[in-house]
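Report on the following structure.
Nothing fancy with the numbering, it's 1 onward along the sequence.
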Amino acid sequence: MNAETELSWEQTQNLVNTLVLKHTEKHLSDVEIEVLRGAWEGKSYGKIAEQLFLTENYISGDVGYRLWKKLSAALGEEVTKKNFRQALKREWQKTASTPTSNCTALEFPEGFLAPDSPFYVERPPIESDCYKEILKPGSLIRIRGPRKMGKTSLLNRVLAYATQQNYQVVRMNLRKAEKTVFTSLNKFLRWFCLNVSRELKLEPKLDDYWDEEIGSKVSCTGYFETHLLEQLETDLVLSLDEIDTVFNYPDIAEDFLALLREWHEEATLQESWRKLRLVIAHSTEVYISLNIHQSPFNVGLPLRLPPFNQQQVQTLAQLHGLTWTVETTQSLTAMIGGHPYLIRLALYHLARQDMTLQQLLQDAPTHAGVYSDHLRCCLGNLKQQPELAFALKQVVTAQSPIQLESLTVYQLDSMGLVHLNGNQVTPSCELYRQYFSTNLV
């Protein structure tokens, strides 16, 4: 970036978040982000206060004071509302001019990112929407996106934020449950309650609340309300990652998902349930039959994780010590789109100087490229489901968008292999078009 180029708001927010998180191990508050944005837009404290329905003294003397103090400490120089843009531009340019030759500073893109990872790039307004929603009693947040799009990384940041609010946090990944857990609704709900109890370090007392006469759903609800929520001195955030695991067991899924919906609705009626916040992450659309009034997938805050845009890719390249032009960024995204994992894997190898961008792109759709493991894994999954392999073959060899049966579309979408535009289906990126058109029989 040359000296005349201004940081975009997106770049500014990502840079400030990274600096403050690294220095304080805490995120900026929602109101601090709003003050930062107002200052970036050149608004006065009075105008910012008016838009936030707060007093000017509070915005300037309290929030603004804290914000500039945090930035001053993080940057090692005095930062004010008048000079913060220049100070951040200098920090951005300093990072860009520092070669990333020390590979220990890089993170190999495997699995999710830690909440304090410097390589996390926000996709506004998703993060701030989550932080606002999690503060609401009885809230429900639904995060959906194909695999390796960053759902768990976002989930971790939301839970870290919840922990900062002194909420109790329980993390559950349903993919870790053994198959025997799903043999009956009763067994699954007992397993569920037992694991939540252990996460909260509370003694499991299932038999004191379980009654076969009234059924496992009512027993589970009573256990949560009386044994768990009433004992907690603070609010509880229950995170359910990979919840689409239960979609493979329709009888269990129908009752369990209806139960989550009931708990969310109880927050409007009973004080004890206002303590519970739910955060659900899943890859696929819900392709099982659910009563519209019993589904948790048509209430709460819905979030679909989008691919990175050009600016976010450039920001991530900057974080890897790479100074890229718009044209360079476009040459990469023309092959792999804005898929976060594919982008990060490319930038990791380019920052290590393992290869040139031209070499990476040339080898990308081959078994000699950096994506070979990822592509073979996808191919292996497809070969276990011949109907999906056949459908994807149609998509990648078609000269124009095509239509597929809805369940097939959902499954291919959950794998991140296709892009949907209404009912029209296309490959999600050129990499997949080239690879699967030659490797699917």
### Query
How about Q330: does its CD atom have over 12 heavy atoms from other parts shown lying under 6.0 Å from it?
yes

### Query
Are L240 and V279 close enough that some pair of their side-chain heavy atoms sits under 4.5 Å apart?
no

### Task
Identify the two heavy atoms, one from N186 and one from S216, that lie closest to each other, and give their separation to 0.1 Å.
OD1-CB, 3.4 Å

### Query
How about Q358: does its CD atom have over 12 heavy atoms from other parts shown lying under 6.0 Å from it?
no

### Query
Are C220 and C193 close enough that some pair of their side-chain heavy atoms sits under 4.5 Å apart?
yes

### Query
How are the rings of W191 and F182 set relative to one another: parallel (under 30°), tilted (30 to 60°) or perpendicular (over 60°)?
tilted

### Query
For the residue pair L185 and I252, what are the closest heavy atoms and their distance?
N-CG1, 3.9 Å

### Query
Just by modelled atom types, is the N381 backbone N or O under 3.5 Å from a matching donor or acceptor in the Q384 side chain?
no

### side-chain contact (heavy atoms from CB on, under 4.5 Å) evaluation trace for L238 with F192
CA-CA 11 Å; L238 177 57; F192 183 72; 3.8 Å; yes

#### Entry: Note, P137 side chain near D235 side chain (heavy atom, < 4.5 Å)
no

## Note on the structure
Tightest non-hydrogen contact, residues A258 and K217, listed as CB-NZ, 4.3 Å

### Task
Compute whether any side-chain donor of one residue and acceptor of the other, for D363 and T366, lie under 3.5 angstrom apart.
no

### Task
Please round to the nearest 0.5 Å and tell me the distance separating atom CG of L417 and atom CZ of R433.
13.0 Å

### Task
Taking atom CD of Q86 as the centre, report whether more than 12 heavy atoms of other residues, nucleotides or ligands fall under 6.0 Å from it.
yes

### Task
Step by step, work out the side-chain contact (heavy atoms from CB on, under 4.5 Å) result for L236 and L278.
CA-CA 9 Å; L236 169 64; L278 293 169; over 6 Å; no

### Message
Salt bridge or not between R261 and E265? Use side-chain N to carboxylate O under 4.0 Å.
### Response
yes

### Query
Is there side-chain contact between V181 and L189, with heavy atoms separated by less than 4.5 Å?
no

### Message
Between H419 and V425 (side chain of the first, backbone of the second, donor and acceptor by atom type, cut-off under 3.5 Å), is there such a pair?
### Response
no

### Query
Checking side-chain contact (heavy atoms from CB on, under 4.5 Å) for the pair V169/S239: CA distance, chi angles, key distance, verdict?
CA-CA 8 Å; V169 170; S239 159; 5.6 Å; no

### Query
Which pair of heavy atoms, one from L88 and one from L15, lies closest together, and at what distance?
O-CD2, 3.5 Å

### Message
To the closest 0.5 Å, what do you measure between CG (L159) and CG (L155)?
### Response
4.5 Å

### Query
Does D241 come within less than 4.0 Å of K151, counting only side-chain N to carboxylate O?
no

### Message
Looking at A162, is its backbone amide N or carbonyl O close enough to the side chain of Q165 to form a donor-acceptor pair, meaning the two atoms are under 3.5 Å apart?
### Response
no

#### Entry: Proximity of F297 and H282 rings by center, below 6.0 Å
yes

### Message
What I want to find out is whether D413 reaches R147 closely enough, with some N-O distance under 4.0 Å, to be called a salt bridge.
### Response
no

### Task
Please confirm whether the backbone N or O of R123 pairs with a side-chain atom of E127, one donor and one acceptor, at under 3.5 Å?
yes

### Task
Only pairs at least two apart or in different chains count here, so list each salt bridge (Lys or Arg N to Asp or Glu O under 4.0 Å) that has a residue in residues 376-389.
D373-R376

### Task
Let me see the working for W273 and L276 under side-chain contact (heavy atoms from CB on, under 4.5 Å), right down to the final yes or no.
CA-CA 6 Å; W273 286 100; L276 180 64; 3.8 Å; yes

#### Entry: Flag side-chain contact, heavy atom, 4.5 Å: S117 against E107
yes

### Query
Is the backbone of L113 close enough, under 3.5 Å, to the side chain of S153 for a donor and an acceptor to pair up by distance?
yes

### Task
Could you check if a side-chain atom of H367 sits within less than 4.5 angstrom of a side-chain atom of N439, using non-hydrogen atoms only?
yes

### Query
Any side-chain heavy-atom pair from F436 and L382 closer than 4.5 angstrom?
yes

### Query
Hey, are Y341 and E110 close enough side-chain-wise for a donor-acceptor pair under 3.5 Å?
no

### Query
Does the T152 side chain pair with the main chain of F112, one donor and one acceptor, at a distance under 3.5 Å?
no

### Task
Inspect the contact between D244 and R142 and indicate whether a charged nitrogen and a carboxylate oxygen are less than 4.0 angstrom apart.
no

### Message
Let me confirm one number: the CD-OG1 distance from Q394 to T408, rounded to the nearest 0.5 Å.
### Response
9.5 Å

### CD1 on I402 to OG1 on T397, rounded to 0.5 Å
7.5 Å

### Query
Does the S331 side chain pair with the main chain of T328, one donor and one acceptor, at a distance under 3.5 Å?
yes

### Task
Give a yes or no answer on whether the side chain of T329 reaches the backbone of Q310 with a donor-acceptor pair at less than 3.5 Å.
no

### Query
Side-chain donor-acceptor pair under 3.5 Å between K275 and Q168, yes or no?
no

### Summary
On a heavy-atom basis, the closest approach of D129 and L301 is O-CD2, 3.8 Å

### Query
Sub-3.5 Å donor-acceptor pair from the side chain of T315 to the main-chain atoms of Q311, do we have one?
yes

### Test item: L257 and I243 side chains (from C-beta on) under 4.5 Å apart, heavy atoms
yes

### Summary
So CG of L388 and NZ of K393: to nearest 0.5 Å the spacing works out to 15.5 Å

### Query
Taking atom CD of E178 as the centre, does the number of heavy atoms from other residues, nucleotides or ligands within less than 6.0 Å exceed 12?
no

### Query
Which heavy-atom pair separates P115 from N156 by the least distance, and what is that distance?
CG-O, 3.7 Å

### Message
ring-ring contact (aromatic ring centres under 6.0 Å, His included) for F308 and H339? Distances and angles first, verdict last.
### Response
CA-CA 6 Å; F308 284 153; H339 193 295; 9.2 Å; no

### Task
Look up atom NZ in K148 and atom NE2 in H374, then write down how far apart they are to the nearest 0.5 Å.
6.5 Å

### Query
Below 4.0 angstrom, N of the basic side chain to O of the carboxylate: do R171 and E199 qualify?
no

### Query
Charged N to carboxylate O below 4.0 Å: is that the case for R37 and E32?
no

#### Entry: T183 side chain to T180 side chain, donor-acceptor N/O pair below 3.5 angstrom
no

### Query
For the side chain of Q314 and the backbone of W324, is there at least one donor-acceptor N/O pair under 3.5 Å apart?
yes

### Query
Would R277 count as a cation-pi partner of Y167, with NZ or CZ less than 6.0 Å from the six-membered ring centre and within 45° of the ring normal?
yes

### Query
Salt bridge between E122 and R157, side-chain N to carboxylate O under 4.0 Å?
yes

### Task
Take atom CZ of F108 as the centre, draw a 6.0 Å sphere, and report whether it contains more than 12 heavy atoms from other residues, nucleotides or ligands.
yes

### Query
Are the aromatic rings of Y371 and Y435 close, with centres under 6.0 Å apart?
no

